Amino acid sequence: MTDDRPAWARRIAAERGARDWSQRDAVRALRVHAPTELPAEESMIRQWKRWESGQMPNDFYQPIIAALFGTVTHALFPAPARRDGDREILAASGMETLEIVSRLNRSDVDNSTLDALRITADRLSSEYIRSCRVSSS
C-alpha cells in the first residue's frame, strides 16, 4: 500500500504521533503558537485532519504548524521550485539524467556527456544553495 499524501502531510502526522498526541492534543498545542485566536476546537480538529490527509495549510497556518514542531516554515512546507532542472538538462544537452548516468558507465565519455554532467552539477549545486537559504529563513 502506497501513501500518496505529500511528504509534509506524512511528516506532520508522524511528528504528532512521535509526541503521542491525538489530533485534539495537536490542535491544543497549536493554539499556544498562534498569534491570534484560532477557530473553535472541533473546527480546528477537522482542519487538522484535512492537513494530515494532504490539503495544504494556508500561509497563516504553515508557520504556526512549523513552530509547533520546532522547525521553520520552509523546512516543513518547501517552497515550490522555480526551475525545472530536468527540462533544462534536456534542452541544454539533449539528454535526460538517466542517459547521462548510463553514458558515464562507459569507458569512453564524449564531450556532450561531460557538458551534460556539468549542467547537472551546476543545477544541483544551485538548488542545494537555494534550499539552504530557504530552510534557514
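Computed from a predicted structure; not experimentally measured. Each residue takes its place number in the sequence, starting with 1.
- Cluster membership check: M56 shares its hydrophobic cluster with I65, using side-chain heavy-atom separations under 4.5 Å among Ile, Leu, Val, Met, Phe, Trp and Tyr.
- Summarising the geometry, atom CE belonging to M44 is positioned 6.5 Å from atom CZ belonging to R31; distances are rounded to the nearest 0.5 Å.
- Linking Ile, Leu, Val, Met, Phe, Trp and Tyr whenever their side-chain heavy atoms come within less than 4.5 Å puts I12 and F60 in one cluster.
- Of all heavy-atom pairs spanning L76 and A66, the tightest one is CD2-CA, 3.9 Å.
- In D20, the CG atom is not crowded: 12 or fewer heavy atoms of neighbouring residues, nucleotides or ligands sit closer than 6.0 Å.
- Of the possible donor and acceptor atoms, none in the side chain of N111 sits under 3.5 Å from a partner among the backbone N and O of L114.
- The environment of CD in E37 is sparse: at most 12 heavy-atom neighbours from other residues, nucleotides or ligands sit within 6.0 Å.
- Contact between G54 and P6 at its shortest, heavy atoms only, is CA-CD, 3.7 Å.
- Using a 4.0 Å cut-off between a side-chain N of Lys or Arg and a carboxylate O of Asp or Glu, R46 and E42 do not qualify as a salt bridge.
- Put simply, the side chain of R11 reaches to within 4.5 Å of the side chain of T71, judged on heavy atoms.
- Between R28 and W21, every side-chain heavy-atom pair lies at or beyond the 4.5 Å cut-off.
- The shortest side-chain heavy-atom distance between I64 and P35 falls under the 4.5 Å cut-off.
- Note on ring orientation: taking the six-membered ring where Trp is involved, the planes of F69 and W48 are perpendicular (angle over 60°, cut-offs 30° and 60°).
- When all heavy atoms of W51 and A9 are compared, the pair lying nearest together is O-CB, 3.5 Å.
- Annotation for Q47 and Q55: closest pair NE2-NE2, 4.2 Å, computed over non-hydrogen atoms.
- Of the possible polar contacts, none joining the Q23 side chain to the I45 backbone as a donor-acceptor pair under 3.5 Å is found.
- Closest approach of H33 to A29, counting heavy atoms only: CD2-O, 3.4 Å.
- D59 approaches P63 most closely through the heavy-atom pair O-CD, 3.1 Å.
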